[in-house]
2 protein chains.
Amino acid sequence: MLNDSEKLKIKIDDFKAKCREKGLKITPQRLAVYQTLLKSKMHPSAEMLFREVRKEVPNISLDTVNRTLLTLADIGDAFILEGSGDVKRFDADLKNHQHFKCVKCKKIIDFHHKPFDNIKVPESISSKYIVLRKTVYLEGICDICRKKK
Amino acid sequence: MLNDSEKLKIKIDDFKAKCREKGLKITPQRLAVYQTLLKSKMHPSAEMLFREVRKEVPNISLDTVNRTLLTLADIGDAFILEGSGDVKRFDADLKNHQHFKCVKCKKIIDFHHKPFDNIKVPESISSKYIVLRKTVYLEGICDICRKKK
DNA sequence: CTCTGTGCAAACACTTTGCAGCTAA
DNA sequence: TTAGCTGCAAAGTGTTTGCACAGAG
């Protein structure tokens with residue numbers, strides 16, 4: 001079994017390879033952002049990560065962190081947590097149902113799949129936290145945007 | 001079986017009762033926002049709903065719509081769709097895992113519950129849309145915020 | 001009459017864009 | 001050398017706040 005620092009090294013190397021492959025330059029800022037995100041356990045926002053990265057690369061700008069994160073999401077080395085970052089969307093339908101969101105046009109499609117209604121929250125969560133809502137959330141590309149491409 | 005307009009009427013009456021119970025005033029604006037949200041099938045943002053409500057109450061302000069929606073979420077007659085509305089949050093952990101988010105402190109807690117890893121997307125969705133990500137998403141109050149209260 | 005809700009405007013937070021200089025390849 | 005990257009500043013978008021007046025209870 002590899003230890004953590006070895007695992008980290010491998011990930012970084014993979015990342016470098018991927019950058020080269022995609023024609024992205026390997027800059028100290030990019031590496032720092034990626035590395036810091038890898039080590040972070042709190043699903044940081046750009047701002048949070050920025051403060052962290054700054055400890056290593058003091059003159060990095062928030063914009064660079066922002067752009068780098070988007071790049072990472074783009075090449076698939078990170079992802080943006082479910083739906084975050086969009087404007088608030090509201091729903092008054094309190095009945096059990098699930099949502100599919102198109103990442104292109106942001107449309108939200110309701111669906112109802114019985115087996116998803118009563119998913120069981122694991123003991124490890126329910127014993128410690130108060131669960132107010134549990135949902136299955138799908139993200140992808142809708143039929144219309146699919147055709148456009 | 002009740003028809004749609006009867007169902008709507010009942011919901012509105014329930015809503016009025018709840019307002020009275022909570023000491024909230026029943027204003028035309030509030031009713032219009034709630035009613036329009038109930039009828040809306042597109043999970044509108046404040047802006048979208050504002051445009052809609054304006055057709056009925058032409059001089060309502062966007063702020064009122066915004067505030068009313070937050071109030072609705074507060075009293076439990078509507079909810080904010082999974083994760084929408086917050087700043088972007090990133091995750092570099094590409095392994096299968098799920099998230100629990102505390103609605104108070106916005107902390108996101110990872111957990112991994114094997115049965116959630118391979119939830120089956122219903123045919124009705126997978127045949128029409130391209131599903132890129134599927135997640136189980138829980139929302140509630142974390143242990144720390146729970147104690148604070 | 002009282003106190004909450006509304007509308008307006010300003011402040012705010014976060015993100016995106018444009019651009020000139022810099023730097024990895 | 002040269003495309004892509006960075007840092008700064010400005011603009012953009014959505015949300016929140018403060019306040020005086022209006023209107024529900």
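What you see below is based on every heavy atom in this structure, not just the backbone, and it leaves out hydrogens, waters and symmetry mates. Each chain gets a letter, A, B and so on, in the order its sequence line appears, and its residues count up from 1. A quick note: this is a predicted structure, and the numbers were derived from the prediction, not measured.
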Looking only at heavy atoms, which two atoms of Ile144(B) and Lys107(B) are closest? And how far apart? CD1-NZ, 3.3 Å

Do any of residues 64-73 of chain B sit with a heavy atom less than 4.0 Å from DNA chain C, and if so which? Thr64(B), Arg67(B)

Using the test salt bridge (Lys or Arg N to Asp or Glu O under 4.0 Å), find all partners of Lys16(B) that sit at least two apart in sequence or belong to another chain. none

Under 4.0 Å from OP1 or OP2 of dT16(C): is there any side-chain N or O of Lys88(B) that close? yes

Just jot down the salt bridge (Lys or Arg N to Asp or Glu O under 4.0 Å) partners of Lys55(A), sequence neighbours excluded, or say none. Glu52(A)

Partner set under side-chain contact (heavy atoms from CB on, under 4.5 Å) for Lys120(B), not counting sequence neighbours: none

Going by the rule ring-ring contact (aromatic ring centres under 6.0 Å, His included), which residues pair with Tyr137(A) if we only count those two or more places apart in sequence or in a different chain? none

Once you round it to whole Å, what is the distance between C1' of dC14(C) and CZ of Phe90(B)? 11 Å

Only counting residues at least two apart or in another chain, list the ones meeting salt bridge (Lys or Arg N to Asp or Glu O under 4.0 Å) with Lys106(A). Asp86(A)

Look at the side chain of Asp86(B) and the base of dA13(C), then say whether one donor and one acceptor between them are separated by less than 3.5 Å. no

Within residues 33-59 of chain A, those residues having any heavy atom closer than 4.0 Å to DNA chain C are none

Any side-chain N or O of Gln29(A) below 4.0 angstrom from OP1/OP2 of dG7(D)? yes

Interatomic distance where CG belongs to Leu62(B) and P belongs to dG14(D) [whole Å]: 10 Å

With sequence neighbours excluded, residues passing salt bridge (Lys or Arg N to Asp or Glu O under 4.0 Å) with Lys9(A): Asp13(A)

Listed in order of residue number, which residues of residues 8-27 of chain A have a non-hydrogen atom at under 4.0 Å from DNA chain D? Leu24(A), Lys25(A), Thr27(A)

Between C1' of dC8(D) and CD1 of Ile60(A), the distance in whole Å: 14 Å

Holding to side-chain hydrogen bond (donor to acceptor under 3.5 Å, both in side chains), I want the full list of residues that pass it with Asp117(B), two or more places apart in sequence or in another chain. Gln98(B), His112(B)

Atom pair distance, as rounded to whole Å: CG in Asp74(A) and C1' in dG4(D): 15 Å

Among all residues two or more places apart in sequence or in another chain, which pass the side-chain hydrogen bond (donor to acceptor under 3.5 Å, both in side chains) test with Asp91(B)? His43(A), His97(B), His99(B)

Considering all heavy atoms, the nearest Lys134(B)-Ile119(B) contact: NZ-O, 2.9 Å

Cluster partners of Met42(B), using ILVMFWY side-chain heavy atoms under 4.5 angstrom, listed by chain and number? Met48(B)

